[in-house]
Amino acid sequence: MDLLKEKILAEGIAVSDEILKVDGFLNHQVDPALMQDIGQAFAEHFKNQGITKVATIESSGIAPALTTAAALGVPLLIFKKQASKVLNDALYQTIVTSFTKTTSYELSLSKKFIGDKDHVLIIDDFLANGEAASGAIRLLHMANATVAGLGVVIEKSFQPGREKVAEQGVSVHALARVKKLAKDVIELH
Ligand code: G4P
């Protein structure tokens, strides 16, 4: 997506060799027109695959996931993050440990919104080490749902997220891929 790549190069800030700040248009202030284009791009890539729902992890994935769900004409499922480990029979739950944020949280999904007939597209803002995406895949597999793929707005290809997700049989479609980050340097594929 050329517009997205231009935005990343013009407005993104490499705060270190691992972290790209894009809070001016993606995850703090959000550019709605760009989100519409992102939703169209994902919908075009994943069309005609029998997708019944789009899923994301709160909170930064919600904006691109919502426009994707609207473009595909299916509901959006938001996987919730909870700090405490409260067992609940009505939920599918799994622990996610984030390398990027060095924290753990419980990801949960209500059983009433997912079933074995669902074919789900996961959408997220970033793919880094892939822990969040792996947690989302585990939850969907607990429900015997199938995973159509993982769409990410920005993939950092120097981190192992894509391989980790592929090990679980899920293919990744990234709209922009970052090859290298260094102080004030952003290289895209
Ligand atoms: P991980 O295995 O290293 O934890 O990587 P993962 O891909 O699961 O990403 C973990 C969290 O860190 C995600 O946010 C993701 O959006 C964020 N993240 C990863 N790399 C970057 C980066 O270069 N820049 C920015 N701005 N964020 C990054 P999250 O835990 O889902 O939280 P939220 O922001 O959605 O609330």
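Both counts, for ligands and for their atoms, begin at 1 and track the order of listing. Residues take their numbers from the sequence shown, with the count starting at 1. Note that the coordinates shown come from a computational prediction; the quantities given were computed from them, not determined experimentally.
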Is there side-chain contact between Ile38 and Met1, with at least one heavy-atom pair below 4.5 Å?
yes
Less than 4.0 Å is my threshold; does some heavy atom of Gln159 fall inside it relative to ligand 1?
no
Flag the pair Val153 / Leu4 as yes when at least one side-chain heavy-atom distance between them is below 4.5 Å, and no otherwise.
yes
Specify side chain, backbone, both or neither for Lys21, according to which of its non-hydrogen atoms lie closer than 4.0 Å to ligand 1.
neither
To which of Glu155, Lys156, His28, Glu58 does the heavy atom nearest atom 20 (N) of ligand 1 belong?
Lys156
Asp23, portion touching ligand 1 at heavy-atom distance under 4.0 Å
neither
Do Glu6 and Glu11 come close enough that some side-chain heavy atom pair is under 4.5 Å?
no
Among all protein heavy atoms, pick the one closest to atom 30 (O) of ligand 1 and tell me residue, atom and distance.
Lys81 NZ, 3.2 Å
For a 4.5 angstrom cut-off between non-hydrogen side-chain atoms, does Leu175 reach Ile154?
no
Look at atom 36 (O) of ligand 1 and find which of Ala133, Ser59, Pro160, Gly12 reaches it with the closest heavy atom.
Ser59
Under 4.0 angstrom from ligand 1, any heavy atom of Val22?
no
Which ligand 1 atoms are under 4.0 Å away from a heavy-atom of Asn27?
26 (N)
For a 4.5 angstrom cut-off between non-hydrogen side-chain atoms, does Asp118 reach Asn144?
no
Below 3.5 Å, N or O to N or O, backbone or side chain included: is there any such pair between Glu131 and ligand 1?
yes
Are His119 and Thr52 close enough, and set up right, to give a side-chain hydrogen bond (donor to acceptor under 3.5 Å, both in side chains), and what steps lead you there?
CA-CA 5 Å; His119 190 49; Thr52 60; over 6 Å; no
Per-atom contacts of ligand 1 with Asp125, taking only distances under 4.0 Å to non-hydrogen atoms
16 (O)
Please lay out, stage by stage, how Ser104 and Thr97 fare under the test side-chain hydrogen bond (donor to acceptor under 3.5 Å, both in side chains).
CA-CA 4 Å; Ser104 284; Thr97 302; 3.0 Å; yes
Shortest protein heavy-atom distance from atom 10 (C) of ligand 1, along with the residue and atom involved
Ser98 OG, 3.7 Å
Which residue holds the protein heavy atom closest to atom 8 (O) of ligand 1, what is that atom called, and what is the gap in Å?
Ala132 N, 3.0 Å
Side-chain donor/acceptor pairs under 3.5 Å, residues 156-163, sequence neighbours excluded:
from, atom 1, to, atom 2, distance (Å)
Lys156, NZ, Glu18, O, 2.8
Lys156, NZ, Gln159, OE1, 3.1
Ser157, OG, Val178, O, 3.1
Ser157, OG, His189, NE2, 2.7
Arg162, NE, Glu155, OE1, 3.3
Arg162, NE, Glu155, OE2, 3.0
Arg162, NH1, Val172, O, 3.3
Arg162, NH2, Glu155, OE1, 2.7

Tell me, which protein residue and heavy-atom name are nearest atom 14 (O) of ligand 1, and how many Å apart are they?
Lys101 NZ, 3.6 Å
Can you find a heavy atom in the side chain of Lys81 that is under 4.5 Å from one in the side chain of Ile57?
yes
Distance filter under 4.0 Å to Phe99 heavy atoms, resulting ligand 1 atoms
1 (P), 3 (O), 4 (O)
Please report whether atom 22 (C) of ligand 1 has a protein non-hydrogen atom at a separation of less than 4.0 Å.
yes
I need the minimum non-hydrogen distance between Ile186 and Leu9, along with the two atoms involved.
O-CD2, 3.7 Å
Note the single closest protein heavy atom to atom 35 (O) of ligand 1, along with its residue, its atom name and the distance in Å.
Ser60 N, 2.9 Å
Is it true that Gly161 lies under 4.0 Å from ligand 1, counting heavy atoms only?
no
Just need the protein heavy atom nearest to atom 3 (O) of ligand 1, so name the residue and atom and give the distance.
Thr100 OG1, 2.3 Å
Aromatic plane relationship, His173 with His45 - under 30° parallel, 30 to 60° tilted, over 60° perpendicular
parallel
Evaluate the side-chain proximity of Phe42 to Ile123: yes if any heavy-atom separation is below 4.5 Å, no if none is.
yes
Distance filter under 4.0 Å to Gly130 heavy atoms, resulting ligand 1 atoms:
2 (O), 5 (O), 7 (O)
I need the atoms of ligand 1 closer than 4.0 Å to a non-hydrogen atom of Asn129, numbered in the order shown.
1 (P), 2 (O), 3 (O), 5 (O), 7 (O)
I'd like to know if Lys164 and Glu131 make a salt bridge, using a cut-off of under 4.0 Å between side-chain N and carboxylate O.
yes
Report the C-alpha separation of Gln168 and Ser134 in whole Å, then their side-chain angles, then the decisive distance to 0.1 Å, and conclude whether the side-chain hydrogen bond (donor to acceptor under 3.5 Å, both in side chains) test is met.
CA-CA 8 Å; Gln168 293 159 93; Ser134 298; 3.0 Å; yes
Nearest non-hydrogen protein atom to atom 26 (N) of ligand 1, with distance, is Leu20 O, 3.3 Å
Starting from atom 7 (O) of ligand 1, find the nearest protein heavy-atom neighbour and note its residue, name and distance.
Ala128 N, 2.9 Å
Identify, by atom number and element, the atoms of ligand 1 in contact range of Glu18, meaning under 4.0 Å from any of its heavy atoms.
23 (O)
